[in-house]
Amino acid sequence: MKIKRNTLLTLAGLALLVGAIAAADATLGRFSVRILNLSAIYIVLALSLNLLNGFTGLFSLGHAGFMAVGAYVSALLTMSPAQKDMNFFLEPIMPFLRDIQLPFPLALLAAGACAGLVAVVIGVPALRLRDDYLAIATLGFAEIIRVLITNAQSLTNGAQGLKAITKYSTTWVVWSVAALSVVFMLALVRSSYGRTMKAVRDDEVAAEAMGVNVFKVKSTSFVISSFMAGVGGALLGHMITTIDPKMFTLTLTFNILLIVVLGGNGSITGSVIGAIVVTVLMEALRFLDMPMNFLFIKTNGLPGLRMVIFSILLMIVVLYRQRGLMGNKEFDWDGFIGIFRRKGASSAGGRS
Amino acid sequence: MISTRDVSMRFGGLTAVSDLNIEIQKNEIVGLIGPNGAGKTTAFNAITGVYRPTEGRVVFKGRDITGQKPHAITKLGIARTFQNIRLWTDMDVLENVLVACHLRMDVGVFASTLHLPGYRVKERRSREFAMSLLESVGLADQAREAATSLPYGKQRRLEIVRALATEPSLLLLDEPAAGMNPQESLELMDFIGSIRDRYDLTILLIEHHMQVVMGVCTRMYVLDYGVTIAHGTPDEIRRDPKVIEAYLGVD
Ligand SMILES: Nc1ncnc2c1ncn2[C@@H]1O[C@H](COP(=O)(O)OP(=O)(O)O)[C@@H](O)[C@H]1O
Ligand SMILES: [Mg+2]
């Protein structure tokens with residue numbers, strides 16, 4: 001009875017969500033739609049980092065690197081030879097790469113696969129390191145990837161980046177991928193394999209002693225996470241239609257980390273809410289970086305003030321609500337309705 | 001069942017275990033006793049692969065397992081508990097047992113995530129097995145409570161149950177009675193005897209209060225400063241002058 005009610009509520013909620021996205025896509029201006037879609041991409045990215053950080057207990061700072069791999073792979077695979085010739089004016093592109101052109105869904109998968117492959121090559125040795133070293137090692141690897149991209153002129157067009165990438169990341173595409181990621185994550189963390197990930201997070205020694213192949217679980221988590229980061233990077237490239245190495249710095253990883261921590265390490269709901277809140281705030285607070293005019297005082301604009309605000313926000317969260325918005329809890333209807341019941345009961349009690 | 005052959009474990013200049021020779025037959029309950037710091041836990045770590053012995057071999061069911069990874073050794077049928085309880089804190093009681101069931105489920109990440117039919121069958125069987133184990137220690141009613149919310153004695157039992165969920169043939173218990181009063185310790189020893197019979201186990205048991213294990217063990221080894229100073233039946237151990245000397249001022 002209750003289960004049926006919750007299923008109905010979920011279906012109704014989903015229908016409402018699809019309706020809301022359709023309405024937003026049809027009525028909002030281009031700028032607002034872009035923020036909406038950016039949230040969807042950040043959902044994918046936050047979930048992928050949360051899988052590592054929140055569910056497997058691995059602290060990695062290499063996300064921007066895997067996103068870069070995904071973004072470049074997908075952009076290069078979808079561009080027509082003519083588009084590539086236009087981009088590569090300093091040095092021609094490698095001939096075999098010039099003539100490859102794949103449909104977008106395949107390119108998206110290839111982007112994930114390549115990021116996953118890079119994860120196998122560089123991550124697997126790094127995963128043998130102790131936690132804190134892993135963060136430093138992955139940070140270094142991300143930087144190496146960026147330097148490689150900057151210098152592989154005939155492969156990536158170097159510092160000039162790639163322009164006029166086809167805008168395949170439409171509202172429906174990005175939100176479908178985001179929805180798929182949520183479903184995938186829920187299915188994974190609620191499965192037996194997902195439980196072993198949490199065991200590794202909570203106590204590695206005990207996990208290993210209970211027959212969990214800790215190294216294998218960590219590697220699997222790292223590769224899946226990188227795959228998702230690659231897909232997220234590809235979606236991003238096909239949304240803003242230009243990419244260059246400078247996009248994929250530590251700041252980008254930091255933004256994703258911010259979402260995960262704000263939303264709640266180990267909460268899928270938290271990552272979804274965090275992605276939307278942070279993306280919208282990030283844009284809404286854009287005025288902070290602009291020149292400002294307070295009645296008598298004029299400021300010349302402080303680029304970076306926005307990030308200062310966000311860093312302060314992060315510190316406040318870490319200080320006062322260490323486990324983020326959701327802790328490691330997930331949304332469920334019983335809990336949700338319970339909040340209203342309790343509120344209703346207490347306010348009714350107050351009146352009498 | 002299991003034997004250690006001249007196993008030594010050194011940390012820098014400190015020899016925590018030297019020339020350990022333990023030999024246990026199937027279905028025995030054997031005690032490993034000695035004062036604090038004698039090297040008992042280190043001996044467990046050397047057997048279960050947490051440390052690679054500096055010297056010597058560990059042979060389990062006729063097979064040399066020296067230097068294998070802990071998870072591989074668990075798969076071969078050796079399970080353990082920890083002196084300082086190591087339950088997974090962010091999981092409930094049932095989940096703690098289910099993680100240990102994963103080993104025998106033999107499902108990969110894809111079958112798991114996609115909830116394929118084969119996986120569903122195995123998951124259901126694991127849940128039934130886990131619940132039956134919890135039932136046998138009276139924890140079934142608390143299956144959905146946080147593992148760390150249990151009182152101390154129950155956490156110890158949960159750790160034993162979790163080890164049983166890996167379906168071992170040899171169970172290593174590191175001071176299972178630590179922190180329990182004499183009455184609880186006695187009950188625990190009865191429990192250990194009963195699981196030996198029910199699950200056809202061989203048990204090696206660490207304890208530093210030797211009275212506690214006298215009743216349940218058929219034989220015991222006594223360590224002091226890493227050296228095996230005595231071994232024999234509880235009666236022989238009780239009367240051994242070296243053991244009495246080692247324990248003077250400790251008990
Ligand atoms: N990883 C380690 N590194 C260095 N010394 C250790 C390590 N593990 C144990 N020891 C030392 O080995 C000795 C035996 O410890 P342990 O096996 O824990 O004793 P017991 O379990 O009998 O109380 C102690 O002196 C301890 O300090
Ligand atoms: Mg010990």
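Each chain gets a letter, A, B and so on, in the order the sequences are listed, and its residues count up from 1.
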So, do B:V109 and A:V217 sit near enough that their side-chain heavy atoms are less than 4.5 Å apart?
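Contact flag for B:V109/A:V217 side chains = no.
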
Considering only heavy atoms from C-beta outward, does the side chain of B:L103 approach that of A:V212 to under 4.5 Å?
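No, every pair of side-chain atoms sits at 4.5 Å or beyond.
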
Hey, which of B:L98, B:I73, B:V50 has the most heavy atom pairs under 4.5 Å with chain A?
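So the answer, after comparing B:L98, B:I73, B:V50, is B:L98.
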
Relative to chain A, which segment of B:M91 carries a heavy atom at a distance below 4.5 Å: side chain, backbone, both, or neither?
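Interface part for B:M91: both.
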
More than 12 non-hydrogen atoms from neighbouring residues, nucleotides or ligands closer than 6.0 Å to CZ on A:F331, yes or no?
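Yes, CZ of A:F331 has more than 12 neighbouring heavy atoms, counting only those of other groups under 6.0 Å.
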
Portion of A:L186 that has a non-hydrogen atom of chain B nearer than 4.5 angstrom
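Interface part for A:L186: neither.
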
What part of A:V189 gets closer than 4.5 Å to chain B, counting heavy atoms only: side chain, backbone, both or neither?
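A:V189 has no heavy atom closer than 4.5 Å to chain B.
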
Quick one: which of A:G266, A:A206, A:G194 has the most heavy-atom pairs under 4.5 Å with chain B, could you say?
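Highest number of pairs under 4.5 Å: A:A206.
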
Chain B against chain A: donor-acceptor pairs under 3.5 Å:
| unit_1 | atom_1 | unit_2 | atom_2 | d |
| --- | --- | --- | --- | --- |
| A:S192 | N | B:Y119 | OH | 2.9 |
| A:S192 | OG | B:H102 | ND1 | 2.6 |
| A:Y193 | N | B:S112 | OG | 3.4 |
| A:R195 | NH1 | B:E123 | OE2 | 3.2 |
| A:R195 | NH2 | B:E123 | OE1 | 3.0 |
| A:R195 | NH2 | B:E123 | OE2 | 3.2 |
| A:A199 | O | B:W88 | NE1 | 3.2 |
| A:D202 | OD2 | B:D90 | N | 2.9 |
| A:D203 | O | B:W88 | NE1 | 3.2 |
| A:D203 | OD1 | B:R86 | NE | 3.3 |
| A:D203 | OD1 | B:R86 | NH2 | 3.4 |
| A:D203 | OD2 | B:R86 | NE | 2.8 |
| A:E208 | OE2 | B:H71 | N | 3.0 |
| A:A209 | O | B:T74 | OG1 | 2.8 |
| A:N213 | OD1 | B:H71 | NE2 | 3.4 |
| A:R323 | NH2 | B:D90 | OD2 | 3.3 |

